[in-house]
There are 2 protein chains.
Amino acid sequence: MSSQTTSRPRGRPSAPVLSRERITRAAIRIVGTRDYRHLTMAALARELGVSTSALYNHVSSKRDLLVMIQESLNGEIDCSSFETKPWHEALWDWAVSYRLCFIRHTALIPVMAVLPVADSPRTLEMYERVTRGLDEAGIPEDQTVDVIVGIEALVFGAAYDASAPQNIFDPGGRADLAPVFTRAAARRPADARTAADRAFELALGAQIAGLRARFGTA
Amino acid sequence: MSSQTTSRPRGRPSAPVLSRERITRAAIRIVGTRDYRHLTMAALARELGVSTSALYNHVSSKRDLLVMIQESLNGEIDCSSFETKPWHEALWDWAVSYRLCFIRHTALIPVMAVLPVADSPRTLEMYERVTRGLDEAGIPEDQTVDVIVGIEALVFGAAYDASAPQNIFDPGGRADLAPVFTRAAARRPADARTAADRAFELALGAQIAGLRARFGTA
DNA sequence: ACCTGAACACCGTTCAAGT
DNA sequence: ACCTGAACACCGTTCAAGT
């Protein structure tokens with residue numbers, strides 16, 4: 001009895017061309033060099049040298065693909081400070097790293113912001129580390145998640161701001177409509193990125209200072 | 001000489017069916033009753049009883065349309081408190097009203113967040129009132145815009161959060177990955193909207209408290 | 001000036017057919 | 001199991017043709 005014989009044809013079993021990992025890497029390659037608008041299923045397939053429909057053997061939808069990218073990205077967010085620094089400093093480091101990660105991926109924010117954590121193990125892992133850090137610092141258990149959500153909201157909004165065009169606060173011909181604002185806007189750093197960084201750091205510093213005042217500085 | 005005679009045909013000059021105002025109102029009607037995914041140029045034309053291509057006599061692109069909606073919406077944001085209350089209370093009222101306005105319009109956030117103010121007179125007007133309020137309260141002129149940008153970032157992120165699905169923080173089968181987080185998440189209000197409101201108010205309160213500490217409570 | 005109808009160049013997604 | 005090629009149901013946008 002040749003029970004060893006499998007039903008698969010003899011000779012080298014042809015390994016599949018695609019995998020979720022290869023697809024994710026190719027997608028990140030595309031959005032890394034070009035824009036998110038260029039990340040189409042067709043472009044992705046071309047990058048991988050397969051037909052578009054082949055992708056659907058590994059990915060259930062484009063949204064699924066975006067979640068995979070987000071998962072991979074989330075691994076780069078640094079929450080190691082919660083192991084070594086006081087909670088308010090760790091919160092700062094985390095937020096800074098978080099924002100940096102999403103500035104070049106604002107297209108993922110609408111996905112990430114409403115994604116059930118159950119669908120994203122790495123996000124869950126990140127939340128766990130931050131929650132534990134806040135918990136051990138004595139933040140009341142029924143508010144640790146609120147603290148996280150609040151910081152995250154600022155981070156997402158600030159990531160958009162940092163990806164805005166250079167002249168976003170230039171009133172153009174309508175300066176007469178807003179003289180005080182126009183003068184104040186002209187006082188900001190000329191480089192848009194520098195201006196955005198400063199605004200984020202002011203807001204983050206204020207928010208964390210407010211949290212310290214509320215929960216104690218321990 | 002019948003110099004009075006115009007080149008337009010005699011009789012009642014047929015008034016145009018469309019206008020930017022009518023188009024904007026129809027668009028708001030659609031997103032008010034249905035989802036933003038249903039706001040297509042074809043659906044909008046059908047709502048107005050014209051052909052799709054007719055829209056392009058009044059609107060240059062779908063992005064243009066979204067900006068028009070945003071303009072109209074911005075008129076509903078309340079910054080009147082800056083005329084009557086101390087700056088920190090006015091900032092609170094403004095942020096609350098701002099967020100409320102965008103919770104049902106998160107699709108506009110990517111547009112609004114990177115829109116040059118020159119393209120949006122009403123946004124400019126809003127910024128003017130807020131800047132003036134902060135200016136008169138003694139916030140240094142070179143930081144008023146940063147304060148606004150920081151509050152706005154929180155507002156946009158919080159609007160996303162408030163529009164997230166009910167079970168967003170339910171770890172599902174992966175509770176083992178995040179025991180501390182799971183316990184903390186279970187402590188939040190059952191109603192997602194209530195939970196989101198509380199998180200926003202904690203963050204906003206903290207941020208404003210931090211700003212007061214920085215700039216003085218005058 | 002303003003509207004219609006047809007066409008264009010895309011999208012994401014499905015599916016029968018092959019191996 | 002995994003891939004191809006063709007097809008489908010949409011998108012936003014353009015444009016010649018009409019009034």
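Quick note: numbers below take in every heavy atom, side chains included, and nothing from hydrogens, waters or symmetry partners.
The closest side-chain donor-acceptor pair between B:Glu128 and A:Thr182, if any, does not fall under 3.5 angstrom.
A:Arg99 forms a cation-pi arrangement with A:Phe200, by the criterion of a distance under 6.0 Å to the ring centre and an angle within 45° of the ring axis.
Between A:His38 atom NE2 and C:dA9 atom P there is a gap of 18 Å when expressed in whole angstrom units. Put simply, CZ on A:Arg20 is 15 Å from C1' on D:dC2, counting in whole angstrom units. Distance A:Leu39 CG to C:dC11 P: 11 Å, rounded to the nearest Å. One can place CZ of A:Arg46 at 13 Å from P of C:dG12, the figure rounded to the nearest angstrom. Per the geometry, CZ belonging to B:Arg37 stands 14 Å off P belonging to D:dG12, to the nearest Å. The distance between atom CG of B:Leu55 and atom C1' of D:dG12, rounded to the nearest whole Å, is 11 Å. At whole-Å resolution of the value, NZ in B:Lys62 and P in D:dC11 are 9 Å apart. At whole-Å resolution of the value, CG in A:Leu48 and P in D:dC2 are 15 Å apart.
For D:dC3, one of the phosphate oxygens OP1 or OP2 lies less than 4.0 angstrom from a side-chain nitrogen or oxygen of A:His58.
Within the 4.0 angstrom heavy-atom criterion, base atoms lie near B:Ser51.
A donor and an acceptor atom never sit less than 3.5 Å apart when one is taken from the side chain of B:Thr52 and the other from the base of D:dG12. Remark: the B:Ser61 side chain and the D:dG12 base include no donor-acceptor N/O pair separated by less than 3.5 Å.
Minimum atom distance to the side chain of A:Val50 is reached by D:dT4, of the listed D:dT4, C:dC3, D:dC2. Among D:dA6, C:dG12, C:dC2, the nucleotide with an atom closest to any side-chain atom of A:Ser53 is D:dA6. You'll find that the side chain of A:Pro16 is closest to D:dC3, out of D:dT14, D:dC3, C:dG12. With D:dG12, C:dG12, C:dC3 as the choices, the nucleotide that has an atom nearest any side-chain atom of A:Thr40 turns out to be C:dG12.
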Could you go through the ring pair (Phe, Tyr, Trp, His ring centres under 6.0 Å) check for B:Tyr160 and B:Phe156 one step at a time?
CA-CA 7 Å; B:Tyr160 273 123; B:Phe156 287 151; 8.5 Å; no
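Of all heavy-atom pairs between B:Leu65 and B:Met41, the closest is CD2-SD, 4.2 Å. A:Thr52 and A:Ala42 get closest at one heavy-atom pair: OG1-CA, 3.7 Å.
With a 3.5 Å ceiling on both atom-pair distances, the Watson-Crick or G-U wobble partner of C:dC8 is D:dG12. Pair assignment for C:dA1: D:dT19, on the basis of Watson-Crick or G-U wobble contacts that are both within less than 3.5 Å.
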